[in-house]
Asker: 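I'd like to ask you about the structure that follows.
Lettering follows sequence order; numbering is per chain, from 1.
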Amino acid sequence: MSSSDSDGAPLSVKLAGSAAARRKAASRRAAASSSSSSLTADSSGSEEDNVPLAKRSRLTSLPKKKGGSSSSSSSESDQPLSAKVPASKRAAAARPAGGAARAAAQGRPAGARAANGNAKAAPAAKKPRVKKEPSDAAPASAAKAIADRKPLVKAESTATAASNGSEVSDEEYKWWLDHKDDGGPKWQTLEHCGVLFPPEYEPHGKPLGYKGAWITMPPEVEEVATFFAGVLGTDHAENKVFQANFFDDFTELLGKHMPGCPIKEFKHCDFSRIRAHLDEQTAKRKAMTKAEKEAAKKERQALEERYEFCILDGRREKVGNFRIEPPGLFRGRGAHPKTGRLKRRVLPEQVTINIGEGVRVPDPPPGHRWGEVQHDNTVTWLAMWKENINGNTKYVFLAAGSSLKGQSDMRKFDKARNLVHNIDAIRAQYTKDLKSEVMAERQRATALYLIDRFALRAGNEKGDDEADTVGCCSLRCEHIKLEPPNVVHFDFLGKDSIRYERTTEVDKQVWKNLRLFRRGPPKTSSDMLFDRLTTSSLNKHLQTLMPGLTAKVFRTFNASFVFQQQLRNTPSAGTEAEKILAYNRANREVAVLCNHQRAVSKGFQGQMTRIEDRLLMVRYQRKLLKDHLLEIAPELKKKHPELAEPEPLLTDKWIKEHLLATCELDREKARKKFERDNEKLKEAGEPPLPDDKLAEQIAAIDAREASIQDGSYVAEPGVAKNATTDKILEKIDKLGQRIANIEVDKIEKDENKTTALSTSKINYIDPRISIAWCKKYDVPLEKIFNKTLREKFTWALGVDSAWTF
DNA sequence: CAGAGAACTTAGGAAATTCAGT
DNA sequence: ACTGAATTTCCTAAGTTCTCTG
């Protein structure tokens, strides 16, 4: 691309574009506090001005979706609620499925949230309704009456539910057999019991140490100090940002509840007494008897029971996270600027309840009111509140196995599957666009290539008050290194601050483009790589290529597609274990593609060593057998030359150490057994065994140890004296099998060390692929999907073995 | 037309529970 | 039966996408 492809775009358009780019680049630089001058910023826009207006406008100003919402919303503020709200919703419901319908349906009338109108929506059947009431609308007596019934928990109590207008069906509703159009309301009727609040704080009275003094605190303060004591021993406690943020909020509390208190510096705080108390509590809990634990569990369940289900369109559905998040210290991931801040207790007054109209509103805790009660059936949440750290909204949704979640899950996979038919054309298109004269198009095509080939996320812009992580569109120059002729090295922090590091070959043109974007106008490493691209412009473009297509669909598509391909490596004639191994390998392939990582567990190295020891132990056994066999039948060496081969990795040093370690273990075992036996005898009222008996055994082991030390020890080969050579050969063969199995274990464990398979299994791989695979290879589904997964994917169970993604 | 907000999906780690080997 | 490992469940943070708003 050259600078000559300038066009006749009106100045205003050009300026608008480059101003935005400047801002973006400038903010980046500021954030990274790089030393760049304004020169960089000013020149960054210049190359840009070659964007033809026609193309630009096509990208940036797609025809607006016309729905009932936009026109009605302007006039609704002075209309009665009943008239305005259902109007737009109705319009949405009547519209055929598709983007426009969805847009309209989701357009929540602005007035609905703020207005407090009492007007009832016309209760016409099948019509979506939205109504808001003051939180104390439900009369307490009625509330009580309905609270006592248990329709939300047990199917047999349908009578009470029915009295409220809804029949609870206990029958499994196979929604996937219905051809339900999407885009309309999410439900017709909805009953639920609200949310469960965490228990009140129970003060323990343990003091905080400060410069040698022990200071007892009022409960409000103590609670927060205890939060910090709770993270001692984790990385958070050592994290300076975490400490500072915690202490800021803690100090504020001190000022409020303990004016004049001497606590001024974090470094002088001593949480040890509080920590000791927490450890004590943990120990106590651990020491409970089985019966006590069971009783506690029962009590907990009794408390939670009512919240676990709701009734949606007359059917019992599981609720997901019905618990209000307890207060604590915010545990932001990666280098989050707000990590450690106090996450405050949520009060009922801050909670909005969303529930069907005309059904009983759950009681708020005694002495409280709900913040708001609304009846919006265009959304799926049952309750909502705002969290104080980032101001994010937290929702109570249905569980993953519910019909609502299932439907959107199925839609997601169907959409990804639809991409199969379009992918060739889309790839051809962006490959062509890699050479576009228009910078924005070229960047878009290049980004799309990365998203498609390397499963990158879209990459929205992030604020300064969040961890600095990126996705494709927000990549900065510093995140890639280019190596001629076509190698790219990626190194950046993605979602959850998980590092994406990868060196790979790319299309030659892509490589050239990346070089161009990087150095085009003078850029510094903290400048955006794709300075003409945003996630929304990218997604807008994708919509034109396939309805409903967005950047994230590529991840789903590629994950499922690669998985299906990898499954072709399943050995049809193999054992079940081998088939499952192939399945897990395919799964792992996908997890690697999506960069699903996990921390190496702390016991990993030890576990690995143990597996290696187990392996060597079997090898040692095999060696003994082989030696023994060759000794009694040396002629076999000709026919079985492998008998003379040394066992790999098995050294004399290891053998000696292992044998000595065994002595130690055996002594310990003997002692334990001796004690146990005596314990039994005692209970039976019989005299204990003489101590000599133990001493005798120990002496034998000591002797063995000595012989190992001086090299005179001769190990038993582990077969009967009169065993035939065939028997021994068979045994050697069996040991070989065991060795192979352990080796596979070891490889799998090592490969799984940093790779998490679950995320791709739960979110990216179309379950129908797995189910079809099970049927084709005759593997029971339980071997690959646990109960949760089977429940989540019930909609997919019916596919046959020939189903393909 | 960027930025905020709403709603929903995706994510890894901790805690709880189950499993497997001795 | 006891342990330590593996798996499952819970938790909630961190993304994406789309709409609304000033």
Asker: Within the 4.5 Å heavy-atom criterion, are Arg345(A) and Pro198(A) side-chain neighbours or not?
Answerer: yes
Asker: Let me know the distance between CG of Leu757(A) and C1' of dA11(B), rounded to the nearest Å.
Answerer: 14 Å
Asker: Expressed as a whole number of angstroms, how long is the span from Arg457(A):CZ to dT10(B):C1'?
Answerer: 8 Å
Asker: Do the side chains of Asp409(A) and Lys405(A) get close enough for a salt bridge, i.e. N-O under 4.0 angstrom?
Answerer: no
Asker: With sugar-phosphate meaning primed atoms plus P, OP1 and OP2, does Ala551(A) contact a base, only sugar-phosphate, or nothing at under 4.0 Å between heavy atoms?
Answerer: sugar-phosphate
Asker: At less than 4.0 Å, is any side-chain N or O atom of Thr469(A) found next to OP1 or OP2 of dG15(C)? Yes or no.
Answerer: yes
Asker: May I have the distance from Ile498(A) (atom CD1) to dG12(B) (atom P), rounded to whole angstrom?
Answerer: 5 Å
Asker: Assess the pair Tyr583(A) and Phe563(A): is the distance between their ring centroids shorter than 6.0 Å?
Answerer: yes
Asker: Check whether any side-chain heavy atom of Thr556(A) sits under 4.5 Å from a side-chain heavy atom of Phe413(A), and report yes or no.
Answerer: yes
Asker: Can you check each nucleotide of nucleotides 14-22 of chain B against protein heavy atoms at under 4.0 Å and return B for base, S for sugar-phosphate only, - for none, in 5' to 3' order?
Answerer: ---S-----
Asker: Which one, dC8(B), dG12(B), dT16(C), comes nearest to the side chain of Thr759(A)?
Answerer: dG12(B)
Asker: Is it possible for you to check whether Lys338(A) lies under 6.0 Å from the centre of the six-membered ring of Phe330(A), through NZ or CZ, and within 45° of that ring's axis?
Answerer: no
Asker: Just jot down the salt bridge (charged side-chain N to carboxylate O under 4.0 Å, His left out) partners of Arg333(A), sequence neighbours excluded, or say none.
Answerer: Asp496(A)
Asker: Heavy-atom nearest nucleotide on DNA chain B for Asn595(A) versus Ser408(A): which residue maps closer to 5'?
Answerer: Ser408(A)
Asker: Would you call the rings of Tyr395(A) and Trp381(A) parallel, tilted or perpendicular, taking 30° and 60° as the class edges?
Answerer: tilted
Asker: According to a strict under-4.0 Å criterion, is Lys552(A) in side-chain N/O contact with OP1 or OP2 of dT10(B)?
Answerer: yes
Asker: Short of 4.0 Å, heavy atom to strand atom, which residues of residues 385-404 of chain A count as contacting DNA chain B?
Answerer: Lys386(A), Thr393(A), Tyr395(A), Phe397(A)
Asker: Nearest-Å distance, NZ (Lys792(A)) to P (dT8(C))?
Answerer: 15 Å
Asker: Going by an N to O cut-off under 4.0 Å, is there a salt bridge joining Glu387(A) and Lys343(A)?
Answerer: no
Asker: Flag the pair Asp750(A) and Lys753(A) as a salt bridge only when some basic side-chain nitrogen lies within less than 4.0 angstrom of an acidic carboxylate oxygen.
Answerer: yes
Asker: Is the CD atom of Glu501(A) crowded by more than 12 outside heavy atoms at less than 6.0 Å?
Answerer: yes
Asker: Say you draw a straight line from CZ of Arg344(A) to CD of Glu325(A); how long is it, rounded to the nearest 0.5 Å?
Answerer: 14.5 Å
Asker: Side chains of Gln607(A) and Lys749(A) only: does a donor on one sit below 3.5 Å from an acceptor on the other?
Answerer: yes
Asker: dG3(B) C1' sits how many Å from Asn460(A) CG, rounded?
Answerer: 12 Å
Asker: Taking the six-membered ring for Trp and the full ring for Phe, Tyr or His, determine whether the centres of His236(A) and Phe246(A) are under 6.0 Å apart.
Answerer: no
Asker: Hey, what are the protein-to-nucleotides 4-6 of chain C N/O distances that come in under 3.5 Å?
Answerer:
{"unit_1": "dA5(C)", "atom_1": "OP1", "unit_2": "Arg610(A)", "atom_2": "NH1", "d": "2.6"}
{"unit_1": "dA5(C)", "atom_1": "OP1", "unit_2": "Arg610(A)", "atom_2": "NH2", "d": "3.0"}
{"unit_1": "dA6(C)", "atom_1": "OP1", "unit_2": "Lys749(A)", "atom_2": "NZ", "d": "3.4"}
{"unit_1": "dA6(C)", "atom_1": "OP2", "unit_2": "Gln607(A)", "atom_2": "OE1", "d": "3.1"}
{"unit_1": "dA6(C)", "atom_1": "OP2", "unit_2": "Lys749(A)", "atom_2": "NZ", "d": "2.9"}

Asker: What's the CD-P distance between Glu461(A) and dC1(B), to the nearest Å?
Answerer: 17 Å
Asker: For Arg790(A) and dT7(C), give me the distance from atom CZ to atom C1', rounded to whole Å.
Answerer: 13 Å
Asker: Does a salt bridge link Lys746(A) with Glu612(A), judged by any charged N lying under 4.0 Å from a carboxylate O?
Answerer: yes
Asker: Do Asn595(A) and Gln597(A) have side-chain atoms, one donor and one acceptor, less than 3.5 Å apart?
Answerer: yes
Asker: Without decimals, in angstroms, what is the distance between Asn786(A) CG and dT7(C) P?
Answerer: 11 Å
Asker: Would you say a side-chain N or O of Thr550(A) is under 4.0 Å from OP1 or OP2 of dT17(C)?
Answerer: yes
Asker: Run the side chain to side chain contact (heavy atoms under 4.5 Å, CB included) test against Lys787(A) and tell me which residues pass, sequence neighbours left out.
Answerer: Arg790(A), Glu791(A)
Asker: Categorize Gly459(A) for me: base, sugar-phosphate, or nothing, with a 4.0 angstrom heavy-atom threshold over every strand shown.
Answerer: sugar-phosphate
Asker: Mind checking if Lys495(A) touches a base, just sugar-phosphate, or nothing, with heavy atoms under 4.0 Å?
Answerer: base
Asker: Establish, with yes or no, whether the OP1 or OP2 oxygen of dC8(B) is under 4.0 angstrom from a side-chain nitrogen or oxygen of Lys186(A).
Answerer: yes
Asker: Under 4.0 Å from any atom of DNA chain B, heavy atoms only: list the residues of residues 335-344 of chain A that qualify, in numerical order.
Answerer: none
Asker: Under 4.0 Å, counting only non-hydrogen atoms across every strand here, what does Thr380(A) touch: a base, just sugar-phosphate, or nothing?
Answerer: sugar-phosphate
Asker: At under 4.0 Å between heavy atoms, what does Arg598(A) touch on the DNA or RNA strands: base, sugar-phosphate, or nothing?
Answerer: sugar-phosphate
Asker: Would one find a side-chain N or O of Gln597(A) under 4.0 angstrom from OP1 or OP2 of dG13(B)?
Answerer: no
Asker: Quick one: is Asn539(A) getting a side-chain N or O under 4.0 Å of the dT17(C) phosphate, OP1 or OP2?
Answerer: yes
Asker: Assign each of Glu325(A) and Cys472(A) to its nearest nucleotide of DNA chain C by heavy atoms, then name whichever residue's nucleotide is nearer the 5' end.
Answerer: Glu325(A)
